[in-house]
Amino acid sequence: MQTIWAEQALVGDRWAEAVSVVVDDSGRIASVTEHASPAGVRVGVLLPAPVNLHSHAFQRAMAGLTERRGPSGRDSFWTWRQLMYRFLDALTPEHAEAIAAFVQMEMLEAGYAAVAEFHYLHHRPDGAPYDDLGEMSARMAAAAAQSGIGLTLLPVLYEQAGCAGDRLGPGQVRFGNDLDRFATLLGRADELVGALGADASVGVAPHSLRAVSRPSLAAAVALADGRPVHMHIAEQVAEVDEVTAAYGKRPVEWLLANHDVDQTWCLVHCTQMTADETAGLARSGAVAGLCPITESSLGDGIFNGVDYLARGGRFGVGSDSNIRIALSEELRTLEYTQRLQYRGRNLLVTDGRSTGRSLFDAAVAGGAQSVQRQSGRIAPGCWADLLVLDTTAVDLEGRRGDSLLDSFIFAGDDRLVGELWSAGRHVVRGGRHIHRDAIVGRYRRTLHGLRDLL
Ligand code: ZN
């Protein structure tokens, strides 16, 4: 049992004072008491910690290496992807584990309690499987065991290089599986993740409409059997054009017309949607997986956030390429892109709450829904996914209620995150991960080893 006592806490959908939270030994919240006497770990502001709903861990090691123009004079997502393929020629399972542990540590220090790892790097550089088909999945699980993050592993089905069924190119063979082998891999992922804490889980990720055939998409959804289904959907204009040419409909439009998209789905990016697609996605109850920092970095476009929210659409945020792990900045970028688009202020707001509070509440609820994690609320029975804002920080001086979140998201940064628990695991203390030195040391050695290969 652990007891946490907070000066202020977001309990249910309101702020409460002098809150005592008891966490049982399974990592769940056992009780929440307001106006309690201080006892146990005393903190400033206690919040439910969100899920980072979209990550490709290994890409963290490429951060900052794709900020030059290609020879054509015009850079785009596609030149970024070329570097990723070169990088993949060099990456070993040891590298992948070290990078994943590092980026998970950064996520925890930023305030995320859990991550959905959209995991597509499965095989050796020549495309042959490792002796254990789940070698790379095992590395993701091992990283989570070290970092203590709540892992939802999403093995990715990737079978073709484009809608026409093109064979995988040299840069893609590490990702490829047919359906039979994918089903085997999924079973292996279940075994591996089953050995982590009870809060860890597995979902299914058909990569995209480009990379998975229509019958295979249906089969992958069947394999998920009610568990989370995550899919890249409409990120780049070129992708939308290719899908439209092949399928006769735009990606979101086609998916909504051909699958029962419901609350078990998470559609990642959605930066290219018409008004009808926006309304349809909002109606479906699925979560839009938004990654505003990566979408800015790659020049993807701007999500129709104002329309989507007005129609009750659900969303969460993810760090995707992991070029920068920053919860506050992810939410700020989401709102600021809307402000630039619509030339207004305070746009992603719901029922009288402040903008920061609205963004935070939506991301916490949507992130939890996207991986079916019993979290997102400080309430008995939920996993104790908890983050603490340090009220001794100058940016929070004198702030109360919603203005705490506004100051964190718009004026501060993740240095305000003091403590973090993931399913009761108290892994960030005083702003530092408990295994920071070991994790950083191994990551540095990994980067040093990769340096000459890039
Ligand atoms: Zn992605």
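This one's a predicted model, so the numbers in the text were calculated from it and none came from an experiment. Indexing begins at 1, ligand by ligand and atom by atom, following the structure's order.
At least one N, O or S atom of His56 sits under 2.8 Å from the Zn ion (ligand 1). Among the atoms of Asp320, an N, O or S atom falls under 2.8 Å of the Zn ion (ligand 1). Not a single N/O/S atom of Cys291, whether from backbone or side chain, sits less than 2.8 Å from the Zn ion (ligand 1).
The residues Arg250 and Glu277 are annotated as salt-bridged, a charged nitrogen and a carboxylate oxygen being separated by less than 4.0 angstrom. Ion pairing of Arg174 with Asp89 is absent here, as no side-chain N (NZ or NE/NH1/NH2) approaches a carboxylate O to less than 4.0 Å.
For an aromatic pair to be called close, the ring centres must be under 6.0 Å apart, and Tyr336 with Phe410 satisfies this.
Donor-acceptor pairing under 3.5 Å is recorded for the side chains of Asn52 and Ser319.
Angle NE2(His232) to the Zn ion (ligand 1) to NE2(His54), rounded to 10°: 90°.
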